[in-house]
Structures are given as structure tokens and as C-alpha cells.
A.B. asks: 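Mind having a look at this structure? Questions to follow.
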Number of protein chains: 2
Amino acid sequence: MAVIAEQLSKVLGLPVRQLEPLLALAAEVKLPKGDFFTRPGERADRFAIVLEGLVRHYYVDARGKESVKAFRGPLEVSGPYAELISGRPSRTFIQALAPARLLCLQWEVLQRAADASPELSKMLRRFAEAQFVNKEQREYEFLQLTAEERYLQFCRERKEHLGHVPLHQIASYIGITPVALSRIRARLARKR
Amino acid sequence: MAVIAEQLSKVLGLPVRQLEPLLALAAEVKLPKGDFFTRPGERADRFAIVLEGLVRHYYVDARGKESVKAFRGPLEVSGPYAELISGRPSRTFIQALAPARLLCLQWEVLQRAADASPELSKMLRRFAEAQFVNKEQREYEFLQLTAEERYLQFCRERKEHLGHVPLHQIASYIGITPVALSRIRARLARKR
DNA sequence: CACCGTTCTTAACCCTGTTTAAGGCGCCGG
DNA sequence: CCGGCGCCTTAAACAGGGTTAAGAACGGTG
């Protein structure tokens with residue numbers, strides 16, 4: 001546990017002594033492959049840090065189409081962040097793609113802690129800002145890159161997931177169908 | 001000026017007495033139609049609130065293709081937010097589409113003020129969170145909606161801009177070419 | 001082992017958006 | 001008043017992803 005605190009301290013840019021009282025309130029959740037951390041309709045009240053394994057965030061629209069918003073591995077944050085912020089009921093699935101261990105905390109607990117600690121409050125602000133920058137990067141990719149370029153970008157940025165995530169979910173993440181991704185991969189293989 | 005402080009107070013959810021010392025440090029900038037508030041390469045160090053007029057945020061990729069990230073009207077925030085956060089040099093143009101007045105502030109000044117004021121710090125956090133929710137909504141639209149649906153969404157959400165923004169910029173905002181938007185509009189007109 | 005579900009690929013056809021080019025319209029400056 | 005420019009639309013040829021369907025490869029299970 002002390003090891004975790006130290007790693008988190010680095011990732012979050014927060015001193016260990018600020019982290020410890022929070023970790024004491026956190027619960028470890030084991031998620032077998034295929035199980036869900038959150039589902040739409042549930043009240044969104046917890047978020048988590050992935051200790052081990054891999055989860056994906058996705059939603060399903062009225063036509064039944066799945067869209068993957070994110071993959072999150074060890075030491076990354078998972079949870080229905082937008083819904084936690086806005087207080088709206090969750091519309092996102094969070095599912096384990098590999099057996100996962102999550103360290104999870106009530107959102108409310110974190111909010112109260114932030115009211116008492118300027119450092120924690122600042123950390124939450126930096127976190128929100130970092131999430132924003134992430135999404136803006138994604139907007140950039142949809143506006144300016146072709147599907148093939150988005151795929152190559154994914155391979156570069158998230159190569160640690162390449163063997164572990166089924167291709168049709170990568171296709172969904174970059175906004176195309178599995179068939180189209182297959183075609184792109186064939187084209188790339190031919191060229192190189 | 002007192003009127004502005006009151007409106008801003010509502011928009012930002014911050015008491016007027018917190019706002020006043022900041023407004024005293026802000027500068028008003030007049031921007032004739034077509035002029036730029038920021039350009040790529042410049043150091044990103046200011047942000048602003050639109051008092052009057054209309055600006056667009058966009059970037060241009062290596063192939064020369066423009067992509068519009070946002071339109072911002074009165075009482076909305078403008079500025080190279082992602083670059084201010086990350087400290088990277090700006091890659092976004094911010095241009096007046098109509099003669100604009102901006103109330104603008106050095107980012108650094110705001111940061112220092114936030115260190116001294118927990119309320120202001122919290123406001124900045126809520127602001128970052130709201131920006132994140134915005135971008136996630138946009139991600140949702142790219143992943144799940146067709147171009148036609150994105151156009152209709154735009155018409156619903158931002159009807160105040162409809163007469164004032166050229167259609168080819170709306171096309172760029174929703175991620176298609178002007179030609180494609182023109183066809184969509186023709187199809188919609190025929191159906192209704 | 002045979003069976004099943006999942007994943008990935010390929011092919012055919014269709015639909016939508018891109019590209020390029022042309023023409024109309026409105027507006028501004030000379 | 002005319003010329004030019006920006007904006008919008010339309011057309012035609014093309015490219016690229018969507019849809020559907022079929023089949024191969026794999027892994028797990030009865």
C-alpha cells in the first residue's frame with residue numbers, strides 16, 4: 001500500500017501525506033474480466049484508480065451502436081467523470097477487459113476532503129485541466145486526421161494495449177467500424 | 001462595469017467582491033472584424049471574456065485545412081485554454097467574426113490570485129470541469145451522430161449564431177466540407 | 001473430439017463525403 | 001456603374017467508410 005501511495009503521489013503531483021488519509025477511505029474492488037464497474041442508469045458516485053488490469057469506458061446509443069471513449073490501465077483514473085461532475089445519471093459503461101483491481105473512492109468524500117485542503121483542491125483542478133487537454137486532443141484528431149492516421153496515432157500512443165484490446169474496440173475508439181479498420185490494416189501491411 | 005461584474009458573477013458562480021479586484025487588473029481589447037486575438041506561435045499568456053461581438057477558435061493543419069473548434073459570443077470565455085494550461089506555444093487562431101470587445105486578463109495574474117483565494121481556486125476548478133464536459137459532449141457527437149444530426153444539433157444549440165457565421169465555418173465546426181453541408185441543407189429543405 | 005462463440009478478414013454493393021469546377025448572388029471599392 | 005471577391009450552391013467523378021454476408025482461425029466447453 002505504501003508503494004501505491006508513492007506511485008500515486010508522483011502521478012497526481014500530490015505529497016504522500018495528503019494522499020494517505022484518502023487512501024484510508026478507499027476500497028479495493030476486484031473486477032473479473034467482462035464485469036462492470038459502472039453501468040448507465042446507476043447513480044454515478046464513485047471513481048477509481050486502476051491498480052491492475054485494463055478497463056474500457058464506452059456508451060451505447062439508441063441504435064445500439066457502441067462507442068469506446070477510453071481505455072485505462074494501471075495508475076490511470078477510471079470512472080464516469082463527466083457524470084460525477086454534472087450530477088447527471090451515468091450513461092457510460094465501464095467494463096474490465098482483463099481481470100482488474102481498482103482502488104475506489106466515493107466522489108463525495110473527495111469533494112469534502114478538497115474543501116478542507118487547498119493542495120487537494122488544486123490537484124483536482126489540475127486533474128480536470130489535464131482531462132480537458134486530453135479531450136481537446138481527441139477533438140483535434142477527429143477534425144484533422146483521417147481514420148488511418150488516427151489508427152497509427154493510437155498504435156504509437158497506446159502500444160501497451162495493442163495485444164490486449166480486440167481490434168473492433170480500437171475501431172470503435174477511433175470512430176470507424178471493424179470492417180473499415182481491417183481494410184486499413186491490410187492496406188498498411190501491403191505498403192510495408 | 002458594475003453591470004458586467006454582476007453578469008459575470010452569475011455566469012461564473014463567484015461573488016462580486018471576489019471578482020472586483022480581478023476586473024481592476026483586466027484590460028479591454030477592441031477587435032475589428034477579421035482581426036486576431038491570438039495566432040499560432042505566439043506565447044499563450046492571456047485569456048478573455050467576450051463582452052460584445054463574436055469570435056471563432058480554429059487551427060490550420062499542415063495540409064492547410066482549417067478546423068473550427070468553437071464560436072464564442074458575449075459572456076463566454078475565449079482564449080487558447082489548452083495551451084495556457086499546458087504551457088505549450090499556441091497552435092490556435094482566435095479571430096473576430098464581428099467587431100468584438102474582449103475583457104482580457106493575464107493568465108499568470110489569475111493563477112496568483114487563485115493561490116490566495118480558495119473560492120477563486122474552486123471556481124477555476126469548476127470552469128475546467130465545465131470545459132471538459134463540453135469537449136466530452138463534442139466527442140460524443142463525433143462518435144455517435146451523423147453529419148446531418150450534428151448540423152441539426154448545432155442549429156438547436158447555437159441558433160444565436162446562425163445568421164452571423166458563414167456556413168463554411170459551420171461545416172468546418174461539424175467536421176465536413178462546405179459542399180457536403182450544402183447538400184445536407186438542400187436535402188433538409190426538400191423534406192420540410 | 002465436436003461444438004460454439006468470438007475475433008478478424010475479405011468481398012460485394014451502397015451511401016456519404018471529398019475534390020474540382022462552374023455559376024449565381026450580394027457587397028464593397030474604385 | 002463596373003469589377004472583383006467572398007459566399008453559397010450545384011454537378012460530376014471519385015474515394016472511403018458502412019452494411020451485409022461469408023468464411024477462417026482460435027479458444028474454451030461439454
Side-chain angles (χ1 to χ4, degrees), chain A residues 32-35 54 56 58 60-68 71 93 95-99 141-155 161-192, chain B residues 32-35 54 56 58 60-68 71 93 95-99 141-155 161-192:
Chain A
K33 177 172 174 173
D35 273 24
L54 180 59
R56 66 166 170 150
Y58 69 102
V60 179
D61 73 2
R63 313 180 191 81
K65 183 181 160 198
E66 286 188 10
S67 300
V68 176
F71 301 101
F93 293 86
Q95 183 190 36
L97 295 183
E141 289 166 13
F142 280 115
L143 284 174
Q144 302 230 333
L145 303 185
T146 63
E148 177 173 321
E149 288 167 330
R150 292 201 297 278
Y151 172 65
L152 290 172
Q153 179 95 353
F154 180 88
C155 293
H161 299 152
L162 271 186
H164 312 104
V165 176
L167 287 173
H168 65 90
Q169 289 177 15
I170 296 178
S172 169
Y173 179 75
I174 63 179
I176 60 177
T177 58
V179 181
L181 179 55
S182 201
R183 249 186 325 234
I184 287 170
R185 284 162 49 83
R187 196 166 57 219
L188 288 172
R190 221 171 305 126
K191 284 202 285 197
R192 182 106 334 271
Chain B
K33 178 172 174 173
D35 273 23
L54 180 61
R56 67 166 171 150
Y58 70 101
V60 179
D61 74 1
R63 312 179 191 81
K65 183 181 160 197
E66 286 188 10
S67 299
V68 176
F71 301 102
F93 292 87
Q95 183 189 37
L97 295 184
E141 289 165 14
F142 280 115
L143 284 174
Q144 303 230 336
L145 304 185
T146 63
E148 177 173 322
E149 289 167 330
R150 291 201 298 277
Y151 173 64
L152 290 171
Q153 180 95 352
F154 180 87
C155 293
H161 299 153
L162 271 186
H164 315 286
V165 176
L167 286 173
H168 65 90
Q169 290 178 13
I170 296 178
S172 169
Y173 179 76
I174 64 179
I176 59 176
T177 58
V179 180
L181 179 55
S182 200
R183 240 191 332 241
I184 288 171
R185 284 162 49 82
R187 195 166 58 220
L188 287 173
R190 219 172 306 126
K191 284 202 287 197
R192 180 111 333 273

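Within every chain, numbering begins at 1; the chains are lettered A, B, ... in the order of the sequence lines, protein sequences first and strands thereafter. In what follows, every heavy atom counts, from backbone to side chain, and hydrogens, waters and symmetry copies are set aside.
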A.B. asks: If I take atom CG in residue L162(B) and atom P in nucleotide dC8(D), what distance separates them, rounded to the nearest angstrom?
C.D. replies: 12 Å
A.B. asks: To the nearest angstrom, how far is K33(A) atom NZ from dT7(C) atom P?
C.D. replies: 8 Å
A.B. asks: Compile the donor-acceptor pairs under 3.5 Å between side chains in residues 172-189 of chain B and protein atoms, sequence neighbours left out, one pair per line.
C.D. replies:
from: S172(B); atom 1: OG; to: E66(B); atom 2: O; distance (Å): 3.2
from: S172(B); atom 1: OG; to: V68(B); atom 2: N; distance (Å): 2.9
from: T177(B); atom 1: OG1; to: A180(B); atom 2: N; distance (Å): 3.4
from: R185(B); atom 1: NH1; to: Y151(B); atom 2: OH; distance (Å): 2.9
from: R187(B); atom 1: NE; to: E148(B); atom 2: OE1; distance (Å): 3.4
from: R187(B); atom 1: NH2; to: E148(B); atom 2: OE1; distance (Å): 2.9

A.B. asks: Could you state the interatomic distance from CG (D61(B)) to CG (L145(A)), rounded to the nearest 0.5 Å?
C.D. replies: 8.0 Å
A.B. asks: Starting from C1' on dG17(C), measure out to CZ on F142(B) and report it in whole angstrom.
C.D. replies: 14 Å
A.B. asks: Distances for protein N/O vs nucleotides 23-30 of chain C N/O pairs under 3.5 angstrom?
C.D. replies:
none

A.B. asks: With a 4.0 Å heavy-atom cut-off, tell me which residues in residues 168-184 of chain B come close to DNA chain D, sorted by residue number.
C.D. replies: H168(B), V179(B), S182(B)
A.B. asks: May I have the distance from E66(A) (atom CD) to dT7(C) (atom P), rounded to whole angstrom?
C.D. replies: 10 Å
A.B. asks: Please name the pair of heavy atoms, one in A96(A) and one in P32(A), separated by the smallest distance, quoted to 0.1 Å.
C.D. replies: CB-O, 3.6 Å
A.B. asks: Please produce a list of atom pairs where a protein N or O lies less than 3.5 Å from an N or O of nucleotides 22-30 of chain D.
C.D. replies:
none

A.B. asks: Provide the closest heavy-atom pair for L143(B) versus K65(A) in the form atom of the first, atom of the second, distance.
C.D. replies: O-NZ, 2.9 Å
A.B. asks: Looking at residues 143-153 of chain B, who's got a heavy atom less than 4.0 Å off DNA chain C?
C.D. replies: A147(B)
A.B. asks: Apply side chain to side chain donor-acceptor pair (under 3.5 Å) to D35(B) and list each qualifying residue two or more places apart in sequence or on a separate chain.
C.D. replies: none
A.B. asks: R187(A) CZ to dA11(C) P: how many Å, rounded?
C.D. replies: 14 Å
A.B. asks: Measuring only between side-chain heavy atoms, which start at C-beta, is L97(B) closer than 4.5 Å to Q169(B)?
C.D. replies: yes
A.B. asks: Does the plane of the ring in F93(B) sit parallel, tilted or perpendicular to the ring in Y58(B)? Use 30° and 60° as the thresholds.
C.D. replies: parallel
A.B. asks: Please check if the side chain of Q95(B) supplies one atom and the backbone of G34(B) the other of a donor-acceptor pair under 3.5 Å.
C.D. replies: yes
A.B. asks: If you compare all heavy atoms of Q144(A) against all heavy atoms of R63(B), which two are closest, and at what distance to 0.1 Å?
C.D. replies: O-NH1, 3.5 Å
A.B. asks: When the distance from NE2 of H164(B) to P of dC8(D) is rounded to whole Å, what number comes out?
C.D. replies: 14 Å
A.B. asks: Please report the distance, rounded to the nearest Å, between CG in L167(A) and C1' in dT6(C).
C.D. replies: 13 Å
A.B. asks: Using the ring of each side chain (for Trp, its six-membered ring), is F142(A) parallel, tilted or perpendicular to F142(B), with breaks at 30° and 60°?
C.D. replies: parallel
A.B. asks: For the pair R56(A) and V165(A), evaluate side chain to side chain contact (heavy atoms under 4.5 Å, CB included) and give the outcome as yes or no after the intermediate values.
C.D. replies: CA-CA 9 Å; R56(A) 66 166 170 150; V165(A) 176; over 6 Å; no
A.B. asks: When you measure from the side chain of E149(A) to the backbone N and O of T146(A), does any donor-acceptor pair fall under 3.5 Å?
C.D. replies: yes
